[in-house]
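Worksheet: one structure, shown below.
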There are 2 protein chains.
Amino acid sequence: MRKLPAKLASQLYGAAELIAERGLDGTKIEDIAEATGIPKATIYYHLDGKNAVLEFLLGDLLDMIAGAVGVAVASEENARTRLEAAVLAQLGVMLEHPSLCRALVGDLGRATRLPELAAALRTAFYEPIEQLLAEGVSDGSLRQVADPGAVALSVFGAITVAGLSAAVEGPSADPSADASRFSAAVSELVLDGLATPASRVQRRGEAL
Amino acid sequence: MRKLPAKLASQLYGAAELIAERGLDGTKIEDIAEATGIPKATIYYHLDGKNAVLEFLLGDLLDMIAGAVGVAVASEENARTRLEAAVLAQLGVMLEHPSLCRALVGDLGRATRLPELAAALRTAFYEPIEQLLAEGVSDGSLRQVADPGAVALSVFGAITVAGLSAAVEGPSADPSADASRFSAAVSELVLDGLATPASRVQRRGEAL
DNA sequence: TCTTGGTTTGTACTGTGAGTACAACATACG
DNA sequence: CGTATGTTGTACTCACAGTACAAACCAAGA
């Protein structure tokens with residue numbers, strides 16, 4: 001069941017828009033069959049039902065993200081620079097595939113309840129960040145924080161929500177321009193914070 | 001259909017855990033009837049079906065959040081301080097009601113497709129932040145950023161994902177302690193960022 | 001060519017669960 | 001009382017996921 005012929009795989013993408021629009025519940029198998037051109041019986045021959053369709057589509061998205069982020073993270077730069085690259089990479093892929101992202105948001109619950117997807121979600125989105133923050137402390141390019149786990153989670157949230165929202169706002173004319181714009185905003189926030197220099201000085205005094 | 005007797009309302013909360021655990025799809029109306037002690041026929045007398053059950057529960061959660069955040073935001077302090085208070089308030093409510101939060105994550109798609117809920121979500125989570133960031137620029141307690149909309153979205157993501165994850169990790173012994181811990185981490189990130197002082201100086205030079 | 005084994009597809013079926021209809025009953029309030 | 005409003009059980013309908021299965025199709029080799 002894991003190797004789904006390439007032709008069918010590509011046809012299946014025709015269902016992404018549909019699922020994104022109406023949610024998996026609101027989408028009948030018959031609709032998927034019609035939209036993709038794959039007859040219902042064939043779908044069931046290869047896949048274990050509706051969930052498997054979602055699993056296939058989202059699994060692919062998550063792989064792409066994990067891949068792109070993996071490349072961004074693997075460079076020689078310091079962690080801080082790689083973090084910026086990772087943010088850009090993640091947002092890039094997300095904005096390139098808005099309907100998959102919309103499907104992800106729409107069926108997040110189901111996704112987190114499908115064990116393989118839940119794991120892929122973690123690997124694609126969360127783990128690279130967590131890793132990078134730790135490395136940044138080691139190489140001195142990022143600050144040490146009191147609660148690294150919680151902070152990593154927040155950074156993850158900042159990036160991901162920005163990406164998902166952007167994707168949900170309907171597809172843009174120039175995804176990669178949007179990705180740069182959003183990634184600049186996210187990096188600015190995550191690296192520099194929102195405090196004014198004045199209040200920061202006072203605060204740094206407290207902290208150190 | 002909007003005034004659901006108090007007694008029934010309180011009974012309905014008995015379904016929250018169930019829905020959080022299995023998702024709305026995985027939960028039969030009969031299960032809800034059994035868990036809450038409200039017979040199926042009565043549920044249908046007051047509510048327009050399953051979705052309405054979710055809508056009721058989440059609507060309540062969102063009202064609580066909007067309320068608590070509203071109070072936090074209404075003080076006389078500067079925007080920066082109120083932002084910290086708002087973060088604490090939001091996380092406080094979320095951690096107080098973990099199963100509602102889990103239900104929200106699990107059926108986020110449905111929630112965003114229910115117009116009233118989608119609006120409530122915006123009001124509860126996003127708008128106060130957006131507002132506060134703007135006020136912070138006016139009163140000088142927060143920095144001006146290049147793309148305020150995108151940054152507000154990220155801040156919103158940072159807070160909300162932290163809260164949701166915490167809620168999903170199963171209920172804690174001391175929700176309010178957890179709320180303080182998480183809110184400290186989120187505020188630290190959002191206000192001060194992760195850059196080291198050294199790289200910050202260099203950066204500030206670029207920006208101003 | 002014929003055979004064999006996987007794939008493809010149509011059609012017809014089963015089962016489950018949401019939502020509805022309705023009648024009997026309770027309760028309240030004038 | 002009796003009329004209105006809520007409560008509940010029971011017995012439906014209906015849509016759709018998933019299954020069964022047989023017929024056709026399409027290699028690829030003997």
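Letters A, B, ... mirror the listed sequences (proteins, then strands); counts begin at 1. Keep in mind that what you see is a predicted model, and the values were worked out from it rather than measured. Atom set for the values below is all heavy atoms of this structure, side chains included, hydrogens, waters and symmetry mates excluded.
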Which residue lies more 5' along DNA chain D, comparing P5(B) with A41(A) via nearest heavy atoms
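It is P5(B), whose closest nucleotide lies nearer the 5' terminus.
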Take L100(B) and M64(B) through the test side-chain contact (heavy atoms from CB on, under 4.5 Å) and record every step on the way to the result.
CA-CA 11 Å; L100(B) 290 179; M64(B) 287 187 281; 4.3 Å; yes
Separation of [X] atom [atom1] from [N] atom [atom2], in whole Å?
X	N	atom1	atom2	answer
D48(A)	dA17(D)	CG	P	15 Å
L4(B)	dT5(D)	CG	P	18 Å
Y44(A)	dT7(C)	OH	P	19 Å
D25(B)	dG17(C)	CG	P	12 Å
Y45(A)	dG18(D)	OH	C1'	17 Å
R22(B)	dG17(C)	CZ	P	11 Å
E30(B)	dA11(D)	CD	C1'	13 Å
I43(B)	dG6(D)	CD1	P	17 Å

Go through the steps to decide whether E135(B) and Q131(B) satisfy the test side-chain hydrogen bond (donor to acceptor under 3.5 Å, both in side chains), and finish with yes or no.
CA-CA 6 Å; E135(B) 289 175 19; Q131(B) 174 80 15; 2.6 Å; yes
Exercise: identify the closest heavy-atom pair between L24(A) and D107(A):
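L24(A) and D107(A) have their closest heavy atoms at N-OD2, 3.1 Å.
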Please report the shortest heavy-atom distance between A185(A) and A150(B), naming the atom on each side.
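Closest heavy-atom pair between A185(A) and A150(B): CB-CB, 3.6 Å.
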Let me spell it out: for each of T42(A) and N51(B), pick the nucleotide of DNA chain C with the closest heavy atom. Which residue's pick is nearer the 5' end?
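Whichever sits nearer the 5' end wins; that is T42(A).
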Taking the minimum atom-to-atom distance to the side chain of K50(A), which one of dT8(C), dA17(D), dT7(D) wins?
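Nearest to the side-chain atoms of K50(A), counting from C-beta on, is dA17(D).
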For K40(B), which contact category applies under a 4.0 Å heavy-atom criterion: base, sugar-phosphate, or nothing?
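The residue K40(B) makes base contact.
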